Number of protein chains: 2
Amino acid sequence: MTESNTLKLLIIEDNKDVSGILCDFFEAQDTELDFADNGELGLSLALRYDFDAIILDVMLPKLDGFSLCKQLRASGCSTPVLMLTALDNKTDQLQGFDCGVDDYLGKPFDLDVINARIRALIKRHRGFVAQENLTFGDIDIDIAKHQVRRKGMLIVLTPTTYQILLLLVKQAPKIVKREHIIETIWGVSPPTNDVLRSHMYQLRNQLDKPFEEPMLATVPKIGFRLQLNE
Amino acid sequence: MTESNTLKLLIIEDNKDVSGILCDFFEAQDTELDFADNGELGLSLALRYDFDAIILDVMLPKLDGFSLCKQLRASGCSTPVLMLTALDNKTDQLQGFDCGVDDYLGKPFDLDVINARIRALIKRHRGFVAQENLTFGDIDIDIAKHQVRRKGMLIVLTPTTYQILLLLVKQAPKIVKREHIIETIWGVSPPTNDVLRSHMYQLRNQLDKPFEEPMLATVPKIGFRLQLNE
DNA sequence: ATGTCATTGACATTTCTTCGACAAAATTGG
DNA sequence: CCAATTTTGTCGAAGAAATGTCAATGACAT
């Protein structure tokens, strides 16, 4: 739940100096880095693994940053992308946004700025911008009171199931991956057994059992998601 | 669902020149604007109405942009905020992100850039970053839900058959080679036997059997492809 | 010390994948 | 044109994996 989870970043950059600087800077923080020195490798890593954000150079061997980002989006990946470039001109910047990047930074590479912007993107992507009252379908969550209602009926949840539901509602109706839930709740201490299942069971009992239509759906091998009952 | 919905923007800016320019520019597009010339008014408008995004000046009468944004977030509003300022310095920028803004733009106010960035923020906020639907012929795949429909009818697939269909639809109507499917699904440990045939059989049962025209065609010795039925 | 309740680990159930055996079709070579 | 051989389709059943279920544990507050 805290933001102090280790961030996983992918840096796609062929200039060793730049990637070295980024590496030194981010490794001093609570960050796990992966590198790609060409576009093709970058794209396949981005699609294969689940990063919190991607720092992407424009000029790259094999596949340029614009095409890379476009393909990434076309493949259904919505990981935040911050585009870095030595050539800072308006045309390129607009082209970048057109290709689906989230932010674009030109020449004066200021690490603190990059850091602040990356974190803003991640916050936004994860839905942690503001603590607002969340709603999805029948479900209403009052963050301040830690209260959940469905069709106005109060649903009593344990702290863990509450956190899980929070995640699900923030992403709904999209899938929330198993690992994502585990990491959010237990950090880097995967409980010996697969405890998540039990909590999902509890959550189902509380959230779905009293009602006709189940909202909590399992997506085999991937995770869970909330769905509107039709 | 498309981006052609009229955008509703709130512009919080006391400089009439700047707000005039923004007004001229955005009104030429499909945009509905609201203005506030001081911080207090801006905050109350932002909280009362549901804007797609907010353009926020830093220096404002009554309540500065930083405090405004901080209060906005604290009040549970997660509307995207783009901060504009004449004074472009690093400290202010970092402070802006600290207060929960989504983007920060300094002096050379380029309208096209503002526009591109605002739209990127809105896309991100609404969750329309990546393409999340694939279509070929009757087949519709909702990637976020891992749901497949044909002629609107829900098709239930196993994780493996889903993955295979995903590949086929992405390439359709081109041929997808056997080895390509095998490599995508099993990586570098291809099962000893020819398991793929069983999965293709399953996929046929689920995808084609309920319908008149089969879409899944075998290309002997090469692989498989989806075809449009005529 | 006692009771409550969240959490967990062990167990049961369901579902998916694999594999084998055979049938049907296509390809090849005579 | 016909057999022999390869390739693909069909399906059931066993093993593996994922998921659902619940009672015992342990932490916390009373």
Side-chain angles (χ1 to χ4, degrees), chain A residues 1 146-148 154-168 175-211 214-227, chain B residues 146-148 154-168 175-211 213-227:
Chain A
M1 194 57 191
H146 275 230
Q147 269 188 357
V148 179
L154 192 65
I155 305 280
V156 182
L157 297 176
T158 70
T160 307
T161 45
Y162 174 80
Q163 273 189 273
I164 294 172
L165 183 62
L166 212 59
L167 274 180
L168 287 165
I175 296 172
V176 182
K177 288 185 184 152
R178 243 203 204 70
E179 318 126 39
H180 187 222
I181 301 178
I182 291 171
E183 195 175 303
T184 306
I185 293 177
W186 291 282
V188 275
S189 58
T192 48
N193 244 353
D194 183 5
V195 166
L196 180 59
R197 281 211 316 284
S198 300
H199 289 286
M200 297 311 296
Y201 173 65
Q202 302 293 349
L203 181 55
R204 274 211 175 91
N205 277 341
Q206 301 306 315
L207 183 75
D208 279 344
K209 217 160 90 181
F211 298 91
M215 294 188 71
L216 179 50
T218 303
V219 182
K221 306 255 284 185
I222 311 279
F224 302 88
R225 67 183 200 86
L226 292 176
Q227 64 191 354
Chain B
H146 278 221
Q147 267 187 0
V148 179
L154 193 65
I155 306 279
V156 181
L157 298 176
T158 70
T160 309
T161 46
Y162 173 81
Q163 269 192 278
I164 294 172
L165 183 62
L166 207 61
L167 270 182
L168 288 165
I175 297 170
V176 182
K177 288 183 187 156
R178 281 188 134 74
E179 312 111 52
H180 185 220
I181 301 178
I182 290 170
E183 201 198 310
T184 307
I185 292 177
W186 290 282
V188 278
S189 55
T192 48
N193 247 346
D194 179 11
V195 168
L196 182 58
R197 282 223 313 281
S198 292
H199 287 287
M200 296 311 294
Y201 173 65
Q202 300 293 348
L203 182 54
R204 276 213 174 87
N205 276 341
Q206 296 163 94
L207 183 75
D208 278 344
K209 215 162 89 182
F211 298 91
E213 300 283 344
M215 294 188 72
L216 179 50
T218 302
V219 182
K221 305 263 255 179
I222 313 277
F224 302 88
R225 68 186 204 87
L226 291 175
Q227 65 192 357

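Quick note: numbers below take in every heavy atom, side chains included, and nothing from hydrogens, waters or symmetry partners. Residue numbers begin at 1 in each chain, while the letters A, B, ... track the order of the sequences. Every value quoted in this text rests on a predicted model; they were computed, and no experiment measured them.
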Problem - Below 4.0 Å: OP1/OP2 of C:dA6 and any side-chain N or O of A:H199 - result: no

Problem - A:K221 side chain near C:dC16 phosphate (N/O to OP1/OP2, under 4.0 Å) - result: no

Handout entry: Integer-rounded Å distance: C:dT14 C1' and A:R204 CZ
Key = 13 Å

Fill in the blank from the handout: Within residues 154-166 of chain B, those residues having any heavy atom closer than 4.0 Å to DNA chain C are B:T158, B:P159, B:T160

Exercise for the section: Identify the heavy atoms of B:L216 and B:F224 that sit nearest to each other, and give their distance. Expected result: CD1-CB, 4.2 Å

Completion exercise
To the nearest angstrom, the CG-P distance between A:L203 and D:dG20 comes to 12 Å

Exercise for the section: Please determine if a side-chain N or O atom of A:R197 lies less than 4.0 Å away from the OP1 or OP2 oxygen of D:dA18. Expected result: no

Completion exercise
Taken to the nearest whole Å, CD/B:Q202 to P/C:dT18 is 11 Å

Handout entry: Modelled atom types, side-chain donor and acceptor of A:T218 and A:R197, under 3.5 Å
Key = no

Problem - Closest nucleotide among C:dT8, C:dC19, D:dG20 to the A:F224 side chain - result: D:dG20

Handout entry: Separation of C:dC16 P from A:I222 CD1 (nearest whole Å)
Key = 13 Å

Exercise for the section: Establish, with yes or no, whether the OP1 or OP2 oxygen of D:dT8 is under 4.0 angstrom from a side-chain nitrogen or oxygen of B:R178. Expected result: yes

Practice task
With rounding to the nearest 0.5 Å, note down the distance linking CD in A:Q163 to NE2 in A:H199.
Solution key: 10.0 Å

Handout entry: Distance in angstrom units between A:D194 CG and D:dG20 P, rounded
Key = 10 Å

Exercise for the section: Name the closest nucleotide to the A:T218 side chain, picking from C:dT7, D:dT19, C:dG20. Expected result: D:dT19

Handout entry: Side chain proximity check, B:V195 to B:I182, heavy atoms < 4.5 angstrom
Key = no

Problem - side-chain N/O A:Y201 vs D:dT19 OP1/OP2, d < 4.0 Å - result: no

Exercise for the section: Inspect the surroundings of CD in B:E183 and state if more than 12 heavy atoms from other residues, nucleotides or ligands are less than 6.0 Å away. Expected result: no

Exercise for the section: Could you tell me the separation between the CD atom of A:Q206 and the P atom of D:dG20, rounded to a whole number of Å? Expected result: 16 Å

Completion exercise
The residue among A:D208, A:T160, A:L168 that forms side-chain contact (heavy atoms from CB on, under 4.5 Å) with A:L203 is A:L168

Exercise for the section: Verify side-chain contact (heavy atoms from CB on, under 4.5 Å) between B:T184 and B:V176, making sure each step is shown before the conclusion. Expected result: CA-CA 11 Å; B:T184 307; B:V176 182; over 6 Å; no

Practice task
Using atom CD1 of B:I185 as one end and atom C1' of C:dT18 as the other, report the distance to the nearest whole Å.
Solution key: 14 Å

Handout entry: Interatomic distance where CE belongs to A:M200 and C1' belongs to C:dT14 [whole Å]
Key = 17 Å

Handout entry: Presence of B:W186 side-chain N/O under 4.0 Å of C:dT18 phosphate oxygens OP1/OP2
Key = yes

